[in-house]
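Below is one structure, written out as structure tokens; comments come after it.
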Amino acid sequence: MKNRLLGIHMIVQNEEHHLPRCFDSLKYISTECFITDTGSSDRTPEIARTYGATVLHACWQDDFAHARNISLPLASTEWVLCLDADEYVTQGLEELLNYLPKVHKSISRLRITIENRYGEGVEERVISQPVRLFRAHQGYRYKGRIHEQLVRSGPSQEVAGDMDKSETCTGEQSQLIETEPLAPLCLVHDGYLASTIAQEHKPRRNLKLIERELADEPAQPFHLYNLGVTYCQLGEVEKAIEAFSESLHLTELLAPYRPTLVRDYAKTLVGSERYNEAHAILAVERQRYPSYADLHLLYGETLELQGLEERAYQSYARATDCRERTDRVGQSNGGSMLDASYVTEAGSNSYRAYTAMARLAQKRRFYKESAHLYGLALDSMFTYAPAWAGLADVLQHSGETDENIAETLLARCRGIEKSGHGDSICGEMPHSYAVTNEDHLVKVIYVLTGCGAYEQALKILDTDACTARIHVADQIHWMLCANRVSEALQLAEEHWSVGCVYEVNLLAEHRMDWGLACWANGLRLSEAFLATTLPQEKNVWKVMDRLLDQLSKEPRSMEPASQEQKLIQWGPQAEMVAEKVVQQAVKTGQLTLAEQLHELRAMMMCDHWGTTLTRRRKFASLLYRHGYTMVAANILIQYMTESELDAEGLFWLGETLYAKGHNDQALSLFEQALEREPDMWQARVGAAVCYMRLAMEAIRQELVRSPSSGVLAAQHNALEQRLRTTEGMPWRTLFHAKERRNQLASGTNFPMHDREG
């Protein structure tokens, strides 16, 4: 017998893929369900009936509220729960059935929690708490063609309903009203994943309806806000900013959607690098909504990008304070968490903020503090990949051995707190890899390879039975990076031979690793390898293979391009394959091979690929981006002695010299870069930093002669503050652990290897 407490009401159209999941999440209760179908051409109505739903057919009139209202008069239950087909219950259904009979008669609306997914990661969610539950036959109905809002007949005010849900700009209204407690029900909504949007053209449909609403009510701020949301989804960012700006100007301070409008507007400005505008808005609005963690997080990001790192750190810390505030408010309100109903990105008040703080601490070389903050982030969200990568990175940056890095990560997986010893961040760890959960061990292995600790990751693999959980392509790639080339080739031949039919269609990156393993062992490409290449690529691989073999036997007698080479030289496929193979060789640390292949690629392209100097410059660019700064610098210096270096090359040389403390030489190079490219802001900031450092050094020398000069001391302090701000701007090339391992490489015979201390 169906219960008379709770009924489900939905509007649908062509939802045969989503509907079963939604109904299955409700299968533990027997309840009344009305499905208003607005013209499905698939099996949606039949599926609904198999689940016992009453299907109502209606013509679609470009009006969500009209469709939503059709079933409301038919409700025979006390409460109505409005759902969408692309939503499903994750928890709280049984608790809700126990909760509803206890709700005071004066309360007729309830909020629920919805996790709006915008990506595949567990943390890629935006949390909202809209009104979705209300008492039937109490005068409630929906209003609005799109982003319909729940209203009540008579003097009652409009009630928060649904707005749009998207990745960048999410718009679920939230209203902080005492008579709208938070019910225990939790849903997941994934209808606005990027892939779903592309398939279903929802933003275009929404744009049409919003424009009709604005035609009826010009300059209505709520519609303007949703117009901005839709423009964000369509990638028309400037139009979105214009709509958000107008909406914010017109929206009343107490409008329930206003905090979310501020969030989305500021986020769009930051994404468009309009930091000054974002700063001006957030500096005011975060004071209006002091418990809105997203605004503090965005403000911190804006400050950081402006070089104001100390203030950014404080703003990130304030975001974490919102968590404690929310907990206190929730407890004081009997768990209703009324102050927590802002639309918020998951982790804004915890792991995202802690990770941002950890990143800044690491930049200031406060390694212990950084590691601690990354740990707090992982305590909040164990699967948060940026925190795992950050923790491994800061441990490597602080000088920890790869073995200690591995043990720190494993200890966190085991949930055992280790006491530190001496100056070591992670302390002395026992040499044991035993963990209770195989998934955790796999995670640690991938984090280690992510920070370039390939040998350590392979060591764990060699001693553990989780090898089957690691894709063979990853193992081969790691072996190449660790310069275990014979093992890499053996594994590739075992798993990717012609006999393994299911592996014939290898991904391009995997095929390149196999080919590099052959060449790194001094061998020609095998027939098994060539059998797996795509027909349009086979000749390219054959030519590279033959030329490389000729180069190894007679390095000084390379012949001009053969007729076969000339036949493929103009093909874009040939150029693309050759370029990607060189990039993969650098990525795996096979620099000798990379240099040879780079020269062969030039031969294949004949004289249409520039002079020898130009080719060397391009190779230096590739090396620099992968962290081989000294090797690249030597090439660039050689280039300068014979030709004129471009702005990018001059900047990289200047950056390399700046890192070594040669401020005057770095300044000269930054200025030369600006002569060639006046709009190169990174070089402009670099020059400013060098000027300030040189000025500070001059003042320090004067202070030695006149130590009591208060004017000089004040000038030094002022310059130091300006330097800290300017240095904090993201002008330098960002290198992580994997690239830092390569920075000491001094020659092309250097294979990327694991630093043991």
Side-chain angles (χ1 to χ4, degrees), residues 118-119 121-127 167-168 262-264 266-271 273 275 278-279 281-283 285-286 289-326 342 344-398 412 425 447 450-451 724-725 727-732 734-737:
Y118 62 83
V122 176
E123 72 281 357
E124 295 178 296
R125 311 167 280 147
V126 173
I127 313 299
E167 175 179 352
T168 306
V262 171
R263 170 194 181 272
D264 293 345
K267 192 165 188 176
T268 309
L269 288 171
V270 172
E273 300 183 357
Y275 306 131
H279 186 141
I281 291 170
L282 290 167
E285 298 295 345
R286 72 192 188 104
Y289 310 109
S291 62
Y292 199 174
D294 294 56
L295 299 191
H296 298 300
L297 194 66
L298 279 168
Y299 191 50
E301 184 180 346
T302 304
L303 292 168
E304 183 178 351
L305 290 165
Q306 293 177 310
L308 304 170
E309 293 182 341
E310 291 180 3
R311 290 175 60 190
Y313 187 95
Q314 293 169 1
S315 192
Y316 292 141
R318 191 167 175 185
T320 65
D321 291 340
C322 293
R323 188 179 194 181
E324 297 179 9
R325 178 186 175 94
T326 295
Y342 292 123
T344 182
E345 190 165 13
S348 291
N349 64 359
S350 54
Y351 53 88
R352 293 186 194 277
Y354 285 130
T355 298
M357 294 167 69
R359 184 181 62 247
L360 287 179
Q362 181 179 356
K363 191 174 179 180
R364 291 293 183 88
R365 299 186 180 276
F366 300 143
Y367 297 130
K368 288 186 178 181
E369 179 186 353
S370 177
H372 173 68
L373 288 164
Y374 280 127
L376 291 177
L378 291 172
D379 288 342
S380 301
M381 172 58 76
F382 183 76
T383 60
Y384 191 48
W388 278 107
L391 178 58
D393 190 85
V394 72
L395 292 173
Q396 192 274 342
H397 206 178
S398 68
R412 179 159 291 280
I425 290 179
V447 173
C451 76
R724 188 177 295 119
T725 299
E727 182 95 87
M729 297 176 69
W731 65 279
R732 298 180 66 181
L734 184 62
F735 293 120
H736 293 295

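These values consider heavy atoms only, across backbone and side chains, with no hydrogens, waters or symmetry-generated copies.
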## Note on the structure
Here the gap from E123 atom CD to T355 atom OG1, rounded to the nearest 0.5 Å, amounts to 10.0 Å
### Query
Between the side chain of S370 and the main-chain N/O of F366, is any donor-acceptor distance below 3.5 Å?
no
### Query
Could you give the distance from OH (Y354) to OH (Y374), rounded to the nearest 0.5 Å?
15.0 Å
### Side chains of S348 and Y292 in contact at under 4.5 Å (non-hydrogen atoms)
no
### Query
Is the count of non-hydrogen atoms from other residues, nucleotides or ligands lying under 6.0 Å from R364 atom CZ greater than 12?
yes
### Task
List the steps and the verdict of side chain to side chain donor-acceptor pair (under 3.5 Å) for E304 and Y313.
CA-CA 8 Å; E304 183 178 351; Y313 187 95; over 6 Å; no
### Query
Is a side-chain N or O of E124 found less than 3.5 angstrom from the main chain of G121, in a donor-acceptor match?
yes
### Least distance between heavy atoms, L297 atom then A319 atom
N-CB, 4.2 Å
### Message
Rounded to the nearest 0.5 Å, what separates atom CD in E301 from atom NE2 in H296?
### Response
15.0 Å
## Note on the structure
Between A278 and T302 the two heavy atoms that sit nearest each other are CB-OG1, 4.0 Å
### Task
Using a strict cut-off of less than 4.0 Å between a Lys/Arg side-chain nitrogen and an Asp/Glu carboxylate oxygen, indicate whether R263 and E285 qualify as a salt bridge.
no
### Query
Who are the salt bridge (charged side-chain N to carboxylate O under 4.0 Å, His left out) partners of R318, not counting sequence neighbours?
none
#### Entry: N-O pairing of R352 and E345 below 4.0 Å
yes
### Task
Could you tell me whether the side chain of Q306 reaches within less than 4.5 Å of the side chain of L303, counting heavy atoms only?
yes
### Query
Closest heavy-atom contact between Y289 and V262?
CE1-CG2, 4.5 Å
### Query
Does any non-hydrogen side-chain atom of L269 lie less than 4.5 Å from one of I281?
yes
### Query
What residue among E727, E310, E309, E369 forms salt bridge (Lys or Arg N to Asp or Glu O under 4.0 Å) with K363?
E309
### Message
Using every non-hydrogen atom in the two residues, find where D393 and Q362 come nearest and quote the distance to one decimal.
### Response
OD2-NE2, 2.6 Å
### Query
Any Lys/Arg nitrogen of R412 or D379 sitting under 4.0 Å from an Asp/Glu carboxylate oxygen of the other?
yes
### Task
Find the distance between CG (L308) and OG (S315) and round it off to the nearest 0.5 Å.
11.0 Å
### Query
Which atom names give the shortest non-hydrogen contact between L360 and Y316, and what distance separates them?
CD1-CE1, 3.7 Å
### Query
Less than 4.5 Å apart, any side-chain heavy atom of V126 and any of Y118?
yes
### Query
Distance from Y351 atom OH to L378 atom CG, nearest 0.5 Å?
11.5 Å
### Message
Are the side chains of T320 and S350 in contact, using a 4.5 Å heavy-atom criterion?
### Response
no
### Query
Just how far is it from atom CG of L282 to atom CG of L295, taken to the nearest 0.5 Å?
6.0 Å
### Query
Using 30° and 60° as the class limits, which term best fits the ring planes of H279 and Y299: parallel, tilted or perpendicular?
perpendicular
### Summary
In terms of heavy-atom contacts, C322 and P290 come closest through SG-O, 3.6 Å
